[in-house]
Amino acid sequence: MRKRTLLVAAALTGGLLTALPATGAFAAPSGQAGDFNGDGYRDVAIGASCTDVGSASCAGAVVVLYGSSSGVSASKKAIITQNSAGVPGTAEDTDLFGASLAAADLDRDGYSDLVVGSSGESIGDRDGVGSGTVLWGSKSGLSGGKGLPQPTSLSEWGGFSHGVATGDFDGDGDTDVTLTGQSHTRLYLGPFTRTGGPSSHYGVGELGSTYEVIAGDLTGDGAAERVYPFGVDGDSGGQILYYRHTASGYELTELPNADGFPGSVADINGDGYGDLVLGDHTDPYSYKPGGHKGGQITVWYGGPNGPDPAQQPTVVHQDSTGVPGSGEADDAFGAALSTGDINGDGFADVAVAAPGEDIGSAQEAGSVTVLFGSASGLKSSDAKSYTQNTAGVPGTAEAWDRFGSAVDLTDLTKDGKAELVIGVDGENGAGGVWTLRGASGGPTTTGAKGLVAADISLKYGNGFGSVIAQ
């Protein structure tokens, strides 16, 4: 284990804005993260980062499906690109607008905002530098944008904003944002204003090269920890570091036996502390002897001082008792995951994608497994698995569909049970999104919906469903 206390200083900065679709009038905005129009129903933001915009190849787009008592549909949506009115920048080749997404109310107006990463954005003569943009929530949905201040030290092809997360990282009551790229990690502190952007921002040192970030309250103190995972050749445990805010600054702690990305934080065992779920989807090989064939996930349970690095985490894979299927090379079990209470029992559950799963002769057709939380932690018993060949799920499992390219557990219908939202970025070559309603027994296929790029008039929807905002 390694702990360091870091004292940080902030540099002052500024910001700006834009407009989109209407959804009706109501009394007051809900203030919920992910509710972009404030009507009390959470919405879904989906990345289509390789969508062509005009003649710009892989410029990227974000699709918003607005929630309702019946879930989401193609009729209540918005498609936003860098050519949309008021959105900063211009849609250009390989910008990859929508490559990363995170939702939160940054300006404290009761409407959730959306942080959008464009990890391929070129700046001047530096190709693939990357950039971040905030789209503002309003009564009519996402309507306006502001570019996040751009660090001057970014390197070419650095992929800045490949990772994005939101949370109150310093415990002052304001929501903050962090962006990562290959060689730069940055923290943007709230409160945000539509004209000034963040109140301050600065680079985060001592991390080296990382593309990922996970955020959530692991200590129960109301401040979110930031988890920065990155792979290390020859280290079977990888390297997982997290920042915790203390009275003297930020304390950096390593979990030396943890490995994997992506990840999510939620209270799996109901003890009041967020737990860190990591997807370790890579098969073991010579430089990475740890893990499990076909992929696995691990749960590191939080506590008043964060996850104890000496604990034995819960490990689940497709060869665990009670989990459907079996671990096979390149299944990529854990390549995408999300946490939320899908059965309404008060314990967070975990949706785990295996987009590389072969279904019969259909290569990389994909599957999604739901694991349930309990007072004793994450269970492998009673796990449920879904493919496009599952009765009631729209479509058919086909080669390269990649059912599970992204997953999200969010209550879209306001019934106290999260919907399972599944990205299928290879569907019909352009991508799609599937939704299953939550129920007391877990996801139900009754009323399951599938939306493909053509259903929402995303004519060049290459990659639609590759990212879903958490």
Side-chain angles (χ1 to χ4, degrees), residues 44 46-52 57-58 60-61 63 65 71-74 77 98-99 262 279 281-283 293-295 317-318 323-338 351-370 383-409 419-437 442-468:
V44 182
I46 306 132
S49 60
C50 210
T51 288
D52 295 346
S57 175
C58 277
V63 177
L65 302 176
V72 295
S73 69
K77 68 177 188 303
H281 60 277
T282 306
D283 294 337
K293 183 179 180 180
H317 43 68
Q318 286 181 293
V323 177
S326 59
E328 302 162 315
D330 301 318
D331 279 347
F333 182 82
L337 59 82
S338 183
V352 187
E357 180 84 35
D358 296 344
I359 307 299
S361 62
Q363 294 183 329
E364 293 200 28
S367 69
V368 174
T369 300
V370 174
K384 297 180 182 295
S385 185
Y386 302 84
T387 74
Q388 285 183 285
N389 282 354
T390 301
V393 174
T396 301
E398 301 165 312
W400 318 115
D401 276 349
R402 288 176 42 83
F403 185 80
S405 54
V407 289
D408 182 47
L409 288 173
E419 272 64 49
L420 173 57
V421 186
I422 302 169
V424 195
D425 66 5
E427 182 73 24
N428 296 343
V433 172
W434 266 231
T435 57
L436 280 67
R437 294 285 296 265
T444 176
T445 59
T446 301
K449 300 176 183 178
L451 295 175
V452 298
D455 292 332
I456 57 170
S457 302
L458 194 65
K459 296 181 180 178
Y460 305 101
N462 193 4
F464 175 52
S466 56
V467 177
I468 304 173

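A donor-acceptor contact shorter than 3.5 Å links the side chain of Y386 to the backbone of P443. Side chain of N389 to main chain of A397: a donor-acceptor pair is present (N/O by atom type, distance under 3.5 Å, no hydrogens or angles). In this structure a side-chain-to-backbone donor-acceptor pair under 3.5 Å is missing from S385 to T369. Proximity of a side-chain donor or acceptor of S338 to a complementary backbone N or O of L409 within less than 3.5 Å is detected. No side-chain donor-acceptor contact under 3.5 Å links D330 to the backbone of G356. Of the possible donor and acceptor atoms, none in the side chain of S49 sits under 3.5 Å from a partner among the backbone N and O of G98. Judged purely by atom type and a 3.5 angstrom limit, S405 uses its side chain to pair as donor or acceptor with the backbone of G465.
Put simply, the side chain of L458 reaches to within 4.5 Å of the side chain of V63, judged on heavy atoms. Between F333 and H281 there is no side-chain heavy-atom pair separated by less than 4.5 Å. In this structure, the side chains of T387 and V393 stay at 4.5 Å or more apart for every pair of heavy atoms. Here the side chains of F464 and V433 are in contact, with some heavy-atom distance below 4.5 Å. F403 has its side chain within reach of I422: a pair of non-hydrogen atoms, C-beta onward, lies under 4.5 Å apart. Put simply, the side chain of V368 reaches to within 4.5 Å of the side chain of L420, judged on heavy atoms. Contact of the V424 side chain with the Q388 side chain is registered, since non-hydrogen atoms from C-beta on lie closer than 4.5 Å.
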From CA spacing to verdict: side-chain hydrogen bond (donor to acceptor under 3.5 Å, both in side chains), Q318, E357: CA-CA 11 Å; Q318 286 181 293; E357 180 84 35; 3.0 Å; yes
From CA spacing to verdict: side chain to side chain contact (heavy atoms under 4.5 Å, CB included), V72, T435: CA-CA 8 Å; V72 295; T435 57; 3.9 Å; yes
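Note that CD of E364 and CG of D401 are 10.5 Å apart. Values are rounded to the nearest 0.5 Å. Rounded to the nearest 0.5 Å, atoms CD (E427) and CZ (R402) are 13.0 Å apart. Taking OG of S326 as the start and CG of D331 as the end, the distance is 7.0 Å to the nearest 0.5 Å.
Across every non-hydrogen atom of P355 and A332, the tightest pair is CD-O, 3.6 Å. Here the closest heavy-atom approach between residue K449 and residue P394 is recorded as C-CG, 3.8 Å. Contact detail for V407 and A351: the closest heavy-atom pair is CG2-O, 3.8 Å. When all heavy atoms of G392 and A448 are compared, the closest pair comes out as O-CB, 3.6 Å. Across all their heavy atoms, L451 and S73 have their closest contact at CD1-C, 4.0 Å. Closest of all the heavy-atom pairs between W434 and V452 is CH2-CG1, 3.9 Å.
A salt bridge is absent between K293 and D283: the closest approach of a Lys/Arg side-chain nitrogen to an acidic carboxylate oxygen does not fall below 4.0 angstrom.
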